[in-house]
Amino acid sequence: MKTFASACVLTVLIALPAWSATIINKDADAAVLVVVEGENRMEVAIGAGGTESICPSGCFITTPSGDRIGLQGDETIEIVKGSAVVK
């Protein structure tokens, strides 16, 4: 039984990154996003054409154009001309 429980926990931990929001930078320049999760605030730089996974448990992001978006953690967001397009 302990082996089964351990296997279940390991499966959930491995799957957690799949629940993160995916940010795709379609611009020719790097994009810097401000990410706020709870009381933590950080800046995330995404290179031109780059992809990042963020916010596994939800957050707010501010894009280079000033858009502020609340995320649950399962969205795909494209940065196009500095603005966010949620898919």
Side-chain angles (χ1 to χ4, degrees):
M1 189 65 173
K2 288 182 183 179
T3 304
F4 177 73
S6 296
C8 289
V9 169
L10 183 59
T11 301
V12 169
L13 290 176
I14 290 171
L16 280 178
W19 292 334
S20 299
T22 301
I23 311 288
I24 303 166
N25 183 4
K26 300 258 182 167
D27 286 348
D29 297 321
V32 178
L33 306 176
V34 177
V35 180
V36 178
E37 286 184 272
E39 294 181 15
N40 298 320
R41 182 183 186 275
M42 65 183 144
E43 291 185 356
V44 176
I46 304 171
T51 302
E52 288 287 333
S53 294
I54 61 171
C55 305
S57 59
C59 68
F60 288 94
I61 64 168
T62 303
T63 66
S65 66
D67 297 336
R68 184 172 163 95
I69 302 168
L71 302 176
Q72 295 178 28
D74 59 351
E75 300 89 349
T76 297
I77 297 94
E78 295 179 351
I79 303 297
V80 180
K81 297 181 183 174
S83 294
V85 178
V86 180
K87 300 205 171 202

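Nothing here was measured: the structure is a model prediction, and the numbers come from that model.
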Checklist entry - Does I77 share a hydrophobic cluster with V44, counting links as ILVMFWY side-chain heavy atoms below 4.5 Å and allowing steps through other members? => result yes
Show which side-chain atoms of residues 65-73 pair as donor or acceptor with protein atoms under 3.5 Å away, not counting sequence neighbours.
residue: S65; atom: OG; partner: T63; partner atom: OG1; Å: 3.2
residue: S65; atom: OG; partner: D67; partner atom: OD2; Å: 3.2
residue: S65; atom: OG; partner: G82; partner atom: O; Å: 3.1
residue: S65; atom: OG; partner: S83; partner atom: OG; Å: 3.3
residue: D67; atom: OD2; partner: A84; partner atom: N; Å: 3.4

Checklist entry - Taking only residues two or more places apart in sequence or in another chain, which ones pass salt bridge (charged side-chain N to carboxylate O under 4.0 Å, His left out) with K87? => result E78
Checklist entry - How would you list all residue pairs meeting salt bridge (charged side-chain N to carboxylate O under 4.0 Å, His left out) that involve residues 31-42, not counting sequence neighbours? => result none
Item to check | Minimum heavy-atom distance between N25 and I46, given as atom pair plus value | outcome: ND2-O, 3.0 Å
Checklist entry - Between L33 and P64, is any pair of side-chain heavy atoms under 4.5 Å apart? => result yes
Next on the checklist: Looking at K81, is its backbone amide N or carbonyl O close enough to the side chain of D27 to form a donor-acceptor pair, meaning the two atoms are under 3.5 Å apart?
Outcome noted: yes
Checklist entry - Is there a path of hydrophobic side-chain contacts, each under 4.5 Å between heavy atoms of I, L, V, M, F, W or Y residues, that connects I23 with V32? => result no
Checklist entry - Within a strict 4.5 Å, meaning less than it, do heavy atoms of the I61 and I54 side chains meet? => result yes
Checklist entry - Can you list every disulfide (SG to SG under 2.5 Å) pair that touches residues 58-87, not counting sequence neighbours? => result C55-C59
Next on the checklist: Strictly by disulfide (SG to SG under 2.5 Å), give each pair with a member in residues 20-54 just once, sequence neighbours left out.
Outcome noted: none
Checklist outcome for this item: Rounding to 0.5 Å, atoms CD1 (I24) and CD (E52) come to a distance of 11.5 Å
